[in-house]
Number of protein chains: 2
Amino acid sequence: MPTAKKKDYSAQARIIKAMGHPTRLLILNSLKKRETCVCELRDLVGDDISTVSKHLLVLKKAGLVAVRREGNWLHYRLTCPCVLDFARCLERVLT
Amino acid sequence: MPTAKKKDYSAQARIIKAMGHPTRLLILNSLKKRETCVCELRDLVGDDISTVSKHLLVLKKAGLVAVRREGNWLHYRLTCPCVLDFARCLERVLT
DNA sequence: CATCTATTTTGCCATATCGCCAAATAGATG
DNA sequence: CATCTATTTGGCGATATGGCAAAATAGATG
């Protein structure tokens with residue numbers, strides 16, 4: 001790595017930034033188990049559904065989740081479950 | 001995990017949020033090699049030194065870096081190098 | 001096509017973040 | 001103590017974020 005620039009990290013930063021919100025972490029961890037429709041996530045999160053929808057958009061734009069329609073329901077799923085392995089290291093930071 | 005709440009993820013989110021900026025990722029990756037003084041990080045980053053100092057404060061408050069004084073210089077170091085292993089998974093998200 | 005349901009989009013406001021500059025601070029040194 | 005050097009802190013404007021409520025949309029269904 002000769003001269004790494006800020007620009008080189010902006011792509012990574014975008015993904016990490018998308019993860020850096022309690023609600024979005026809650027959603028990601030919930031999706032680890034199985035894909036879930038928005039209304040179920042709304043119940044889990046407890047915020048207005050438009051707020052949940054916006055959080056899902058952030059995660060989708062970051063490439064962290066993907067969607068599948070089934071009738072009226074949109075089912076979101078994790079694209080890369082490995083992103084949650086990270087939590088184990090964070091526990092160490094927290095101590 | 002019976003009923004995980006937003007609150008349970010706020011501590012993790014704080015740390016992740018601190019990592020979610022290109023400059024701060026650049027700094028963390030630089031510190032992976034060795035501890036470094038602020039003026040050297042300023043040259044690496046290229047922003048005003050007060051800006052770099054504020055980024056370091058964010059990382060310090062998150063528990064990601066620690067400081068050691070040596071004469072006039074403050075040397076910053078990574079507390080938990082494992083946080084950067086994460087990058088490998090992010091590459092997968094990016095494709 | 002009219003309508004129903006799940007979800008997204010838009011608008012708005014309050015608050016947080018980023019970057020620069022100027023001023024303050026903490027140790028080292030004359 | 002005066003001063004120098006490295007760094008932090010405060011202040012400011014521009015921009016981004018998070019949340020709600022209302023309006024718009026997309027597909028299913030009568």
Side-chain angles (χ1 to χ4, degrees), chain A residues 5-28 30-31 34-77, chain B residues 5-28 30-31 34-77:
Chain A
K5 296 273 179 57
K6 266 188 280 189
K7 193 181 137 198
D8 300 318
Y9 289 105
S10 60
Q12 282 189 25
R14 255 194 305 277
I15 302 172
I16 296 176
K17 197 174 175 188
M19 294 179 66
H21 188 284
T23 297
R24 295 196 289 265
L25 279 182
L26 174 57
I27 290 172
L28 291 174
S30 171
L31 295 183
R34 55 181 171 72
E35 64 171 19
T36 313
C37 74
V38 181
C39 54
E40 201 172 335
L41 291 171
R42 177 208 50 206
D43 294 342
L44 174 73
V45 168
D47 287 345
D48 189 277
I49 194 169
S50 68
T51 301
V52 175
S53 179
K54 279 184 183 174
H55 282 307
L56 287 168
L57 179 63
V58 171
L59 294 172
K60 194 167 60 177
K61 285 207 283 192
L64 289 163
V65 303
V67 206
R68 180 178 66 86
R69 178 179 281 269
E70 195 174 302
N72 270 331
W73 288 265
L74 293 180
H75 295 265
Y76 280 82
R77 65 175 182 281
Chain B
K5 296 274 181 54
K6 267 188 278 190
K7 194 180 137 198
D8 299 320
Y9 290 104
S10 59
Q12 282 188 25
R14 255 195 305 279
I15 302 172
I16 295 176
K17 197 174 175 187
M19 294 179 66
H21 188 284
T23 297
R24 295 196 287 267
L25 279 183
L26 174 58
I27 289 172
L28 290 174
S30 171
L31 294 183
R34 56 180 170 73
E35 65 171 19
T36 311
C37 73
V38 181
C39 53
E40 200 173 338
L41 291 171
R42 177 207 51 206
D43 294 342
L44 174 73
V45 168
D47 288 344
D48 190 277
I49 194 168
S50 70
T51 300
V52 174
S53 178
K54 280 182 184 173
H55 281 307
L56 287 167
L57 180 63
V58 171
L59 293 172
K60 193 167 62 180
K61 284 207 283 193
L64 290 163
V65 303
V67 205
R68 181 179 65 86
R69 178 178 281 272
E70 196 174 302
N72 271 331
W73 289 266
L74 293 180
H75 295 263
Y76 281 82
R77 65 175 181 281

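First the proteins, then the strands, lettered A, B, ... as listed; each starts at 1. Scope of the values below: all heavy atoms of this structure, side chains included, with no hydrogens, waters or symmetry mates.
A pairwise comparison of heavy atoms in Leu41(B) and Ser30(B) identifies CD2-OG, 4.1 Å as the closest pair. Across all non-hydrogen atoms, the minimal contact from Ala62(A) to Ile15(A) is O-CG1, 3.8 Å. Contact detail for Tyr9(A) and Pro22(B): the closest heavy-atom pair is CB-O, 3.8 Å.
Across the protein-nucleic acid pair, Leu74(B) atom CG and dT9(D) atom C1' stand 14 Å apart, rounded to whole Å. One can place CD of Glu40(B) at 14 Å from C1' of dA6(D), the figure rounded to the nearest angstrom. Distance, Asp48(A) CG to dA22(D) C1': 10 Å, rounded to whole Å. A straight line from CG of Asp47(A) to P of dA21(D) spans 11 Å, rounded to a whole angstrom. We find that NZ of Lys61(A) is positioned 12 Å from C1' of dT17(D), with the value rounded to whole Å. In this structure, Asp43(B) atom CG and dA6(D) atom P are separated by 11 Å, rounded to whole Å. To the nearest angstrom, P of dT17(C) lies 11 Å from CG of Leu57(B). dT7(D) atom P lies 10 Å from atom CG of Leu56(B), rounded to whole Å.
Counting only heavy atoms from C-beta on, Ile49(A) has its side chain closest to dT8(C) among dA21(D), dT8(C), dT7(D). Among the nucleotides dT8(D), dA6(C), dA26(D), the one closest to any side-chain atom of Arg69(A) is dA26(D). Residue Val38(B) has its side chain nearest to dT8(D) when only dC20(D), dT8(D), dG27(C) are considered. Closest to the side chain of Asn72(A), from the set dG19(D), dT9(D), dA6(C), is dA6(C). Each of dT8(C), dT8(D), dA6(C) was ranked by its minimum atom distance to the side chain of Trp73(A); first place goes to dA6(C).
Residue Ser50(A) forms a side-chain contact (heavy atoms from CB on, under 4.5 Å) with just one option from Asp48(A), Val52(A), Asp47(A), and that option is Asp48(A). Across Leu74(A), Ile27(A), Leu31(A), Val65(A), a single residue satisfies side-chain contact (heavy atoms from CB on, under 4.5 Å) together with Thr36(A), and that is Leu31(A).
Where Lys60(A) and Lys54(A) meet DNA chain C, the nucleotide closest to each residue was compared, and Lys60(A) sits on the side nearer the 5' end. Along DNA chain D, the nucleotide nearest to Val58(A) and the one nearest to His75(B) differ in position, and the one closer to the 5' end is contacted by His75(B).
Looking at Arg42(A), its side chain never comes within 3.5 Å of a backbone N or O of Leu44(A) through a donor-acceptor pair. In this structure, the side chain of Arg24(A) does not engage the main chain of Leu59(A) through any donor-acceptor pair within 3.5 Å.
Axis angle between the ends of the helix from dC1(C)-dG30(D) to dG30(C)-dC1(D), five pairs each and rounded to 10 degrees, works out to 10°.
Contact annotation: Thr51(B) side-chain N/O to dG19(C) OP1/OP2 distance is not under 4.0 Å. When the side-chain nitrogen and oxygen atoms of His55(B) are compared with OP1 and OP2 of dT8(D), none of them lie within a distance under 4.0 Å. Proximity of Tyr76(A) to the phosphate of dT8(C): a side-chain N or O atom is located under 4.0 Å from OP1 or OP2. Applying the 4.0 Å criterion to OP1 and OP2 of dC18(C), one finds that Arg24(B) has a side-chain N or O inside that range. Under 4.0 angstrom from either OP1 or OP2 of dG19(D) there lies at least one side-chain N or O belonging to His21(A).
Atom CG of Leu64(A) sits about 11.5 Å away from atom CG of Leu56(A), to the nearest 0.5 Å.
Across all strands, Lys17(B) comes closer than 4.0 Å only to sugar-phosphate atoms, never to a base (heavy-atom distances).
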